[in-house]
Amino acid sequence: MKNQALWVYQRVTANKRKELMSNFRAAGKLPISILFYHRVADDQPNDWTISRRDFAMHLDWLQDRFEIVSLSEAQNRIIANRSDRPTVAITFDDGYADNSDFAIPELSRRQLPATYFVATDYVREGKPFPHDVAAGSPLAPNTIDQLREYQSMGIEIGAHTRSHPDLGKITEEQLLRDEIVGSIEDLSSWLDFSVRYFAFPYGMPNNTSQRAVDLLQSQGISGFCTAYGAYNWPSQNGFHLRRIHADPGLIRLQNWLTLDPRKLDEKYSLPFVEPQSCQQLAPVS
Ligand SMILES: [Zn+2]
């Protein structure tokens, strides 16, 4: 839907949204929304970049209406039986160096938690993503020192594979292991901590697979993120974390977070069985 049509739709459904919100709150069934961004910068705009001003505006809007919590606290609230506090968690994907200029310092200044997923080949080699090169914007990836700095500022680093492939297409076990386990090992050795979270590149259902999910579980991580646009609900297992793309503009985000009646039911079927609760994971072997 175009922004203008979306704005009209929000106005038309405003009463329905208010009613849903108060009913869900009273019943302890408010969704837990997890957002993902990529890059905050004023130059080289694209679909995965948001300007500094707009990012600050998002944070203002969110802080007025939601508790902004870490991914692990979001998980706690998903696993719990009741959710009556409007909750949002913030994540970033890929690992762009530009985020050092504004996004991370701004989150830190506001004392907001976030989880930051990086594809480790680009960090290690200091090379831009092929999709940015193809688009004529060879943007710099984060350095290991920057990731350490983010960590010291309260940002949790998560794994996003090594080379950012479509994991849904990888059937060879060794290749899958190299991308998933390899990226977790890279981060563990650079940052001296246990990686708890993983995000699937592209993150649509067909970019995931049962093999990849099984492998993630065998590594003893706490949860993984997809990105196809869905709410998380209380009493879900909390291992699979559904995320919503925080678009450069504010209107789509507002549409999601004020509860779009059309989006309450998940419209995708998943190519994997939902894993058990993250609290029932087998220990790392
Ligand atoms: Zn990505």
Side-chain angles (χ1 to χ4, degrees), residues 1-4 6-7 10 33-66 68 70-71 88-158 160 164 199 201-203 225 227 229 243-258:
M1 219 187 269
K2 291 253 162 49
N3 278 350
Q4 201 174 1
L6 199 54
W7 184 81
Q10 282 185 50
S33 299
I34 304 174
L35 310 180
F36 68 105
Y37 294 90
H38 294 90
R39 173 175 178 259
V40 179
D42 289 339
D43 65 329
Q44 305 192 64
N46 56 31
D47 285 346
W48 48 98
T49 297
I50 178 170
S51 71
R52 294 179 180 201
R53 182 177 149 274
D54 285 355
F55 183 64
M57 203 163 30
H58 277 210
L59 295 181
D60 289 343
W61 189 82
L62 292 168
Q63 282 186 287
D64 281 347
R65 291 161 181 82
F66 296 88
I68 301 181
S70 66
L71 208 48
V88 159
I90 294 174
T91 70
F92 278 76
D93 279 6
D94 295 350
Y96 285 105
D98 294 311
N99 291 326
S100 283
D101 297 338
F102 184 77
I104 302 299
E106 184 65 7
L107 288 168
S108 173
R109 189 180 70 76
R110 296 178 187 234
Q111 295 187 297
L112 296 176
T115 304
Y116 196 89
F117 294 101
V118 294
T120 56
D121 275 356
Y122 303 92
V123 174
R124 178 180 20 250
E125 295 164 23
K127 66 179 184 187
F129 285 94
H131 56 259
D132 287 328
V133 174
S137 307
L139 300 162
N142 285 117
T143 63
I144 296 173
D145 280 345
Q146 283 173 336
L147 299 180
R148 289 187 181 131
E149 191 188 352
Y150 296 0
Q151 232 182 352
S152 74
M153 295 163 88
I155 305 295
E156 177 155 7
I157 310 298
H160 193 45
H164 204 273
Y202 311 106
C225 293
R243 294 187 302 172
I244 293 165
H245 186 202
D247 278 295
L250 187 55
I251 194 147
R252 282 176 193 280
L253 187 69
Q254 288 174 333
N255 184 61
W256 270 105
L257 296 187
T258 56

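In this chain, numbering begins with 1 at the start of the sequence shown. Quick note: numbers below take in every heavy atom, side chains included, and nothing from hydrogens, waters or symmetry partners.
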Novice: With a 4.5 Å heavy-atom cut-off, do Pro128 and Leu139 have their side chains touching?
Specialist: no
Novice: Can you tell me if His58 uses its side chain to pair, donor with acceptor, with the backbone of Gly249 under 3.5 Å?
Specialist: yes
Novice: Are Lys127 and Val133 close enough that some pair of their side-chain heavy atoms sits under 4.5 Å apart?
Specialist: no
Novice: What distance separates Leu112 CG from Leu62 CG, expressed to the nearest 0.5 Å?
Specialist: 9.0 Å
Novice: Where does the angle between the aromatic ring planes of Tyr96 and Phe129 fall among parallel (under 30°), tilted (30 to 60°) and perpendicular (over 60°)?
Specialist: tilted
Novice: What are the two closest heavy atoms between Asp54 and Pro248, and how far apart are they?
Specialist: OD2-O, 3.5 Å
Novice: So does Tyr116 get a backbone contact from the side chain of Thr91, meaning a donor-acceptor N/O pair under 3.5 Å?
Specialist: no
Novice: Could you measure the distance from the SG atom of Cys225 to the CG atom of Asp93? Nearest 0.5 Å is fine.
Specialist: 7.5 Å
Novice: Within this structure, what is the OG1-CZ distance for the pair Thr49 and Arg52, rounded to the nearest 0.5 Å?
Specialist: 12.5 Å
Novice: Does the separation of the ring centres of His164 and Tyr122 fall below 6.0 angstrom?
Specialist: no
Novice: With a 3.5 Å distance limit and no angle check, can you tell me whether Glu106 reaches the backbone of Ala103 through a side-chain donor-acceptor pair?
Specialist: no
Novice: Just so I know, are the side chains of His160 and Pro201 near enough to count as touching, which here means a heavy-atom distance under 4.5 Å?
Specialist: yes
Novice: More than 12 foreign heavy atoms under 6.0 Å from CD of Glu125: is that the case here?
Specialist: yes
Novice: Quick one, Asn3 and Arg252 - any side-chain contact, counting heavy atoms below 4.5 Å?
Specialist: yes
Novice: So, Ser100 and Tyr150: side-chain donor and acceptor under 3.5 Å apart, yes or no?
Specialist: yes
Novice: Return the set of residues passing salt bridge (charged side-chain N to carboxylate O under 4.0 Å, His left out) with Asp145 (not counting sequence neighbours), or none when no residue passes.
Specialist: Arg148
Novice: So which atom in His38 and which in Trp48 form the shortest heavy-atom distance, rounded to 0.1 Å?
Specialist: CB-O, 3.2 Å
Novice: Measuring from atom CG of Asn142 to atom CD1 of Ile157, what distance do you get when rounded to the nearest 0.5 angstrom?
Specialist: 7.5 Å
Novice: Return the CG to CZ distance between Asp98 and Arg39, rounded to the nearest 0.5 Å.
Specialist: 4.0 Å
Novice: For residues Arg243 and Ala199, report the shortest heavy-atom separation together with the two atoms involved.
Specialist: NH2-CB, 3.7 Å
Novice: Working to the nearest 0.5 Å, report the span between CG of Asp60 and CZ of Phe55.
Specialist: 10.5 Å
Novice: Return the minimal non-hydrogen interatomic distance between Pro113 and Ser70, and the atom names on each side.
Specialist: CG-N, 3.4 Å
Novice: Take atom CG of Asp47 as the centre, draw a 6.0 Å sphere, and report whether it contains more than 12 heavy atoms from other residues, nucleotides or ligands.
Specialist: no
Novice: Checking Asn99 side chain against Val40 main chain: does a donor-acceptor pair fall under 3.5 Å?
Specialist: yes
Novice: Please name the pair of heavy atoms, one in Gln44 and one in Gly136, separated by the smallest distance, quoted to 0.1 Å.
Specialist: OE1-O, 4.4 Å
Novice: So, applying side-chain contact (heavy atoms from CB on, under 4.5 Å) with Val88, which one of Ile34, Ile244, Leu257 is it?
Specialist: Leu257
